[in-house]
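One is the number of the first residue; the rest follow in order along the sequence.
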Amino acid sequence: MKQKQTLTLLLLLAIPLLGFAQEIKMIKDWSQAKEQAEKENKKILIILTGSEWCAPCKKMDKNVLATPEFRQYAEEHLILFLVDLPGGGLVMNSQVYQDYMRFKKEYQTDALPSLVLVDKTGGKIKTLTGRMFNLENVLSQLKEG
């Protein structure tokens with residue numbers, strides 16, 4: 001009987017953690033991101049990052065992208081399109097590198113991390129500025145856009 005009570009207690013304690021364990025949905029295919037944005041009538045947030053090796057990118061991941069506040073806002077208002085440059089050397093003809101070069105040029109940004117808000121067709125609304133690792137800064141700019 002004691003084992004059942006202990007197991008039940010452990011399960012009850014684990015349930016709230018399940019929500020935090022879920023990853024935020026990020027799309028890595030531009031056509032798919034635009035299709036989803038059209039279908040859901042949402043804006044697209046282009047995330048240019050180097051999450052494995054870029055210190056400010058890691059800070060943005062932890063302090064912004066992983067927060068419940070950002071996740072909730074994104075779920076309701078945004079399609080997230082991710083271009084994440086890998087560490088350990090880039091393969092120049094890889095899709096992620098080609099995407100990075102395309103969006104860097106098209107939206108005139110060269111900093112990592114960069115957050116670019118676009119409409120559902122890819123038309124630029126704004127490049128977010130300031131501290132990309134500050135949740136209040138990022139959310140206030142997204143809400144203005």
Quiz item: What closest approach, in Å, do Leu48 and Leu112 show between heavy atoms, and which atom pair accounts for it?
Solution: O-CD2, 3.5 Å

Quiz item: Considering all heavy atoms of both residues, which atom of Val96 and which atom of Pro86 are nearest to each other, and what is their separation?
Solution: CG1-CD, 3.9 Å

Side-chain donor-acceptor contacts of residues 122-132 below 3.5 Å, not counting sequence neighbours, with atom names and distances?
{"from": "Lys124", "atom 1": "NZ", "to": "Tyr107", "atom 2": "O", "distance (Å)": "3.2"}
{"from": "Lys124", "atom 1": "NZ", "to": "Thr127", "atom 2": "OG1", "distance (Å)": "3.0"}
{"from": "Lys126", "atom 1": "NZ", "to": "Gln141", "atom 2": "O", "distance (Å)": "3.2"}
{"from": "Lys126", "atom 1": "NZ", "to": "Glu144", "atom 2": "OE1", "distance (Å)": "3.4"}

For residues 54-69, please give each side-chain donor-acceptor pair under 3.5 Å, one per line with the distance, not counting sequence neighbours.
{"from": "Lys58", "atom 1": "NZ", "to": "Glu52", "atom 2": "O", "distance (Å)": "3.4"}
{"from": "Thr67", "atom 1": "OG1", "to": "Val64", "atom 2": "O", "distance (Å)": "2.8"}
{"from": "Thr67", "atom 1": "OG1", "to": "Phe70", "atom 2": "N", "distance (Å)": "3.2"}

Self-check item: Value rounded to 0.5 Å, distance of CG in Leu78 from CD1 in Ile46
Solution: 11.5 Å

Quiz item: In Å and rounded to the nearest 0.5 Å, what is the CG to NZ distance from Leu80 to Lys25?
Solution: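 One finds 10.0 Å between CG of Leu80 and NZ of Lys25.
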
Quiz item: Quick one: are Leu45 and Ile79 in side-chain contact, heavy atoms under 4.5 Å?
Solution: no

Exercise. Kindly indicate whether the side chain of Leu135, heavy atoms from C-beta on, has any atom under 4.5 Å from the side chain of Tyr73.
Key: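 No. Closest side-chain heavy atoms not under 4.5 Å.
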
Distance-only donor-acceptor hits, side chain of residues 37-44, under 3.5 Å, sequence neighbours excluded:
{"from": "Glu40", "atom 1": "OE1", "to": "Lys42", "atom 2": "NZ", "distance (Å)": "2.8"}
{"from": "Glu40", "atom 1": "OE2", "to": "Gln36", "atom 2": "NE2", "distance (Å)": "2.3"}
{"from": "Asn41", "atom 1": "OD1", "to": "Lys120", "atom 2": "NZ", "distance (Å)": "2.9"}
{"from": "Lys42", "atom 1": "NZ", "to": "Glu75", "atom 2": "O", "distance (Å)": "2.6"}
{"from": "Lys43", "atom 1": "NZ", "to": "Gly145", "atom 2": "O", "distance (Å)": "2.5"}

Quiz item: Partners of Glu35 by side-chain contact (heavy atoms from CB on, under 4.5 Å), sequence neighbours excluded?
Solution: none

Quiz item: Can you pull the salt bridge (Lys or Arg N to Asp or Glu O under 4.0 Å) pairs that have at least one residue in residues 102-113, sequence neighbours excluded?
Solution: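 Those involving residues 102-113 are Arg102-Glu106.
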
Exercise. Could you name each residue pair satisfying ring pair (Phe, Tyr, Trp, His ring centres under 6.0 Å) that touches residues 30-51, not counting sequence neighbours?
Key: Trp30-Phe81, Trp30-Phe103

